[in-house]
> 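Here it is, the structure, as structure tokens.
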Protein chains: 2
Amino acid sequence: MVMQDILARRLSNFAPLEGDEAALLARLSAERPRRVPARADIAREGDPTQVLRIILSGWACRYRTLEDGRRQILGILLPGDTCDLNNDVLEEMDHSIGSLTPLHYAELPHERLARWLDDKPRLARAFWWHMMTTISIQREWTLNLSRNAFERIGNLFCELFFRLRAVGLNQGNKIEFPVTQIEIGEATGLTPVHVNRTLQDMRSEGLIILKDRVLEIPDIQALERAILYSPAYLHLGRRRPRPPESALLGQGAGGG
Amino acid sequence: MVMQDILARRLSNFAPLEGDEAALLARLSAERPRRVPARADIAREGDPTQVLRIILSGWACRYRTLEDGRRQILGILLPGDTCDLNNDVLEEMDHSIGSLTPLHYAELPHERLARWLDDKPRLARAFWWHMMTTISIQREWTLNLSRNAFERIGNLFCELFFRLRAVGLNQGNKIEFPVTQIEIGEATGLTPVHVNRTLQDMRSEGLIILKDRVLEIPDIQALERAILYSPAYLHLGRRRPRPPESALLGQGAGGG
DNA sequence: CGTGCAATTGATCCATTTCAAGGGCCGTGG
DNA sequence: CCACGGCCCTTGAAATGGATCAATTGCACG
């Protein structure tokens with residue numbers, strides 16, 4: 001996977017890009033990518049929102065910490081995702097963004113984004129689509145309130161599998177899964193202990209194979225059925241999965 | 001409360017409107033408001049998204065129903081809120097919208113919205129702000145995953161109190177609260193039975209008085225403290241509460 | 001070779017669910 | 001005017017999913 005390629009892949013999920021658009025995105029990605037170690041904050045609650053950050057490689061998450069220390073992960077950011085589409089309307093971050101793995105990101109100054117949105121209607125629409133699906137995913141996460149542990153974790157797995165596949169970051173039924181059980185718990189509102197036991201249930205039902213930071217879903221439809229999953233909210237349309245890439249696994253989730 | 005006024009009130013929460021903007025909104029609101037009875041669907045999952053709907057009076061909610069019948073309320077829509085800012089990027093609704101009370105809404109065709117967004121930068125920014133706070137509220141709801149019953153319900157109360165106060169739909173410490181305990185349960189992921197018992201706890205601690213569809217919060221700061229609430233995510237800034245209105249209570253939540 | 005973090009296991013506790021039933025209120029129809 | 005049904009709220013008792021507390025293992029890394 002070429003890092004410069006990821007943004008175009010992500011945005012072309014909505015509609016194919018044309019002309020110099022992909023090149024534009026590639027140039028942005030190459031400019032001066034920032035590097036961040038695992039478990040570091042990229043942005044913090046209360047920070048001013050000036051630039052648009054775009055994940056080029058690695059995983060991150062949105063999160064909030066309550067006064068008593070509880071941490072809730074609000075969403076996962078994958079390569080190609082933007083941290084904020086705030087468009088400088090809101091003055092400060094109301095949540096934090098932290099890396100889960102080592103990662104790279106690009107920074108897009110607001111002026112340049114504004115110019116793109118004016119000059120490149122197709123790009124503008126792609127960004128809109130990106131934002132709308134982000135909201136949609138956020139709504140899906142609140143559905144977890146009426147789901148049990150098994151369904152919550154299964155939904156997380158399915159969401160990440162489909163999102164990664166949409167940008168070609170899968171290898172057949174397998175994806176990199178660099179998230180600890182503690183973090184799964186923080187994302188789903190469950191105790192690490194209970195996450196562990198639920199994972200064992202899923203394994204014993206043959207629904208997942210999760211080992212050495214690789215998640216394999218032998219029969220995705222079986223998993224979907226078991227947790228009442230329907231991927232409509234991802235708005236990936238009837239687009240087929242991306243063609244297989246050169247070796248994705250084993251090169252480290254962070255890619256750097 | 002003049003119904004035609006509500007949209008301007010809502011959007012001016014971000015920055016004061018100027019010139020003919022308020023009049024524009026008032027005209028839209030007056031044009032041909034649609035009327036909907038309580039507990040009816042305004043839009044359904046799978047529907048095409050063509051128009052922008054704006055609540056003028058009454059309460060509605062976003063919701064999704066799982067295959068086995070569980071219903072999760074994803075958010076509450078109050079007067080001045082828009083049902084969709086989809087901007088026709090997504091083809092179909094991935095959730096439903098239903099009325100909680102009898103209500104009125106206005107329909108804004110996409111062409112007219114597009115013209116406004118082009119011609120009235122202040123309005124455009126106000127719509128942006130509206131969308132960003134909507135996302136922010138959605139994130140706050142997923143925080144409920146790490147909250148217990150008491151905190152979930154308390155957060156719902158605080159959110160609705162502050163949102164209504166921001167558009168002047170409060171009366172001191174009181175707001176209309178036309179939501180059944182069943183619906184509170186659907187919004188928080190709790191059983192009606194447990195909602196009932198939790199409400200009794202909140203009452204016995206003197207934090208709320210909920211009776212006859214009116215919610216009174218005698219000491220909002222005490223409630224905030226009890227549930228670790230912080231209203232930053234509403235992005236209402238340091239704006240003071242709206243001046244008191246003429247009698248709001250007792251004229252029916254639907255306002256029509 | 002220790003140190004630290006992730007995964008695992010066991011035992012107990014508790015918040016919330018489930019099941020079941022009764023009471024109050026309100027609109028409707030006889 | 002009263003009886004009836006329906007909906008919402010309330011209460012009790014029992015069941016359970018998930019939390020809590022505590023300890024062990026395995027592994028990567030300096």
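Every chain is numbered from 1 and lettered A, B, ... according to where its sequence line falls, protein lines coming before strand lines.
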> Please figure out whether B:R213 or A:N148 has its closest DNA chain D nucleotide nearer the 5' end.
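In this pair, the answer is B:R213.
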> Nearest-Å distance, CG (A:L190) to C1' (D:dT20)?
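After rounding, the reported distance stands at 14 Å.
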> I'd like to know if A:E186 pairs up with A:R70 as an ion pair, taking the criterion as any Lys NZ or Arg NE/NH1/NH2 lying under 4.0 Å from an Asp or Glu carboxylate oxygen.
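Here A:E186 does not pair with A:R70 in a salt bridge, since their nearest N and O are not under 4.0 Å apart.
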> With a 4.0 Å heavy-atom cut-off, tell me which residues in residues 191-198 of chain B come close to DNA chain C, sorted by residue number.
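Result for residues 191-198 of chain B: B:T191, B:V193, B:H194, B:R197, sorted by number.
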> Rounding to an integer number of Å, can you tell me how far B:D201 CG sits from C:dA15 C1'?
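So the CG-C1' distance, B:D201 to C:dA15, works out to 11 Å.
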> In whole angstrom, what separates B:I153's CD1 from C:dA15's C1'?
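For the pair B:I153 CD1 and C:dA15 C1', the rounded distance is 13 Å.
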> Looking at A:D47 and A:R44, does any basic side-chain N land under 4.0 Å from a carboxylate oxygen?
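So A:D47 does not pair with A:R44 through a salt bridge.
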> For side-chain contact (heavy atoms from CB on, under 4.5 Å), just list the numbers for B:V167 and B:L78, CA-CA rounded to whole Å, side-chain angles, deciding distance to a tenth of an Å, and then say yes or no.
CA-CA 10 Å; B:V167 290; B:L78 302 177; over 6 Å; no
> NA contact type, A:I182, heavy-atom cut-off 4.0 Å: base, sugar-phosphate, or nothing?
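Touches sugar-phosphate only.
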> Under 4.0 Å between any heavy atoms, over every strand shown, what does A:G189 touch: base, sugar-phosphate, or nothing? Just pick one.
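Sugar-phosphate: the residue A:G189, judged by heavy atoms under 4.0 Å, touches backbone atoms but no base.
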> Apply salt bridge (Lys or Arg N to Asp or Glu O under 4.0 Å) to B:R62 and B:E45, showing your working.
CA-CA 10 Å; B:R62 302 177 189 282; B:E45 206 177 323; over 6 Å; no
> Could you state the atom-to-atom distance from CZ of B:F150 to P of C:dA15 in whole Å?
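B:F150 atom CZ is separated from C:dA15 atom P by 13 Å.
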> Could you tell me how far apart A:F177 (CZ) and C:dA7 (P) are, to the nearest whole angstrom?
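From A:F177 CZ to C:dA7 P: 10 Å.
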> Check nucleotides 27-29 of chain C for protein N or O atoms closer than 3.5 Å to its own N or O atoms and list the pairs.
none

> Quick one: A:I184 CD1 to C:dT8 P, roughly how many Å, whole number?
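Between P of C:dT8 and CD1 of A:I184: 10 Å.
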> Could you tell me whether B:R39 contacts a base, only the sugar-phosphate backbone, or nothing, with contacts defined as non-hydrogen atoms closer than 4.0 Å?
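Touches sugar-phosphate only.
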> Please list, chain by chain and in numerical order, all residues satisfying ring pair (Phe, Tyr, Trp, His ring centres under 6.0 Å) with A:F177, sequence neighbours excluded.
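In terms of ring pair (Phe, Tyr, Trp, His ring centres under 6.0 Å), with neighbours along the sequence ignored, A:F177 is linked to A:W59, A:F157.
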> Step by step, work out the side-chain hydrogen bond (donor to acceptor under 3.5 Å, both in side chains) result for A:N144 and A:R147.
CA-CA 5 Å; A:N144 275 346; A:R147 293 191 180 116; 2.8 Å; yes
> Would you say the side chain of A:Y63 lies within less than 4.5 Å of the side chain of A:H95, judging by non-hydrogen atoms?
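Side-chain contact under 4.5 Å: no.
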> Could you tell me whether B:E107 and B:R34 make a salt bridge, using a distance below 4.0 angstrom between a side-chain N and a carboxylate O?
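Salt bridge flag = yes for B:R34 with B:E107.
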> Between atom CG in B:L145 and atom C1' in D:dA19, what is the gap in whole Å?
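From B:L145 CG to D:dA19 C1': 15 Å.
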> Should A:R64 and B:E140 count as an ion pair when the cut-off is N to O under 4.0 Å?
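Looking at A:R64 and B:E140, the cut-off is met.
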> Using a cut-off of strictly less than 4.0 Å, decide whether B:Q200 has a side-chain nitrogen or oxygen near OP1 or OP2 of D:dT11.
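B:Q200 to D:dT11 OP1/OP2: side-chain N or O found under 4.0 Å.
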> Could you check how far CD of A:Q181 sits from P of D:dC27, rounded to whole Å?
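Distance, rounded to whole Å: 15 Å.
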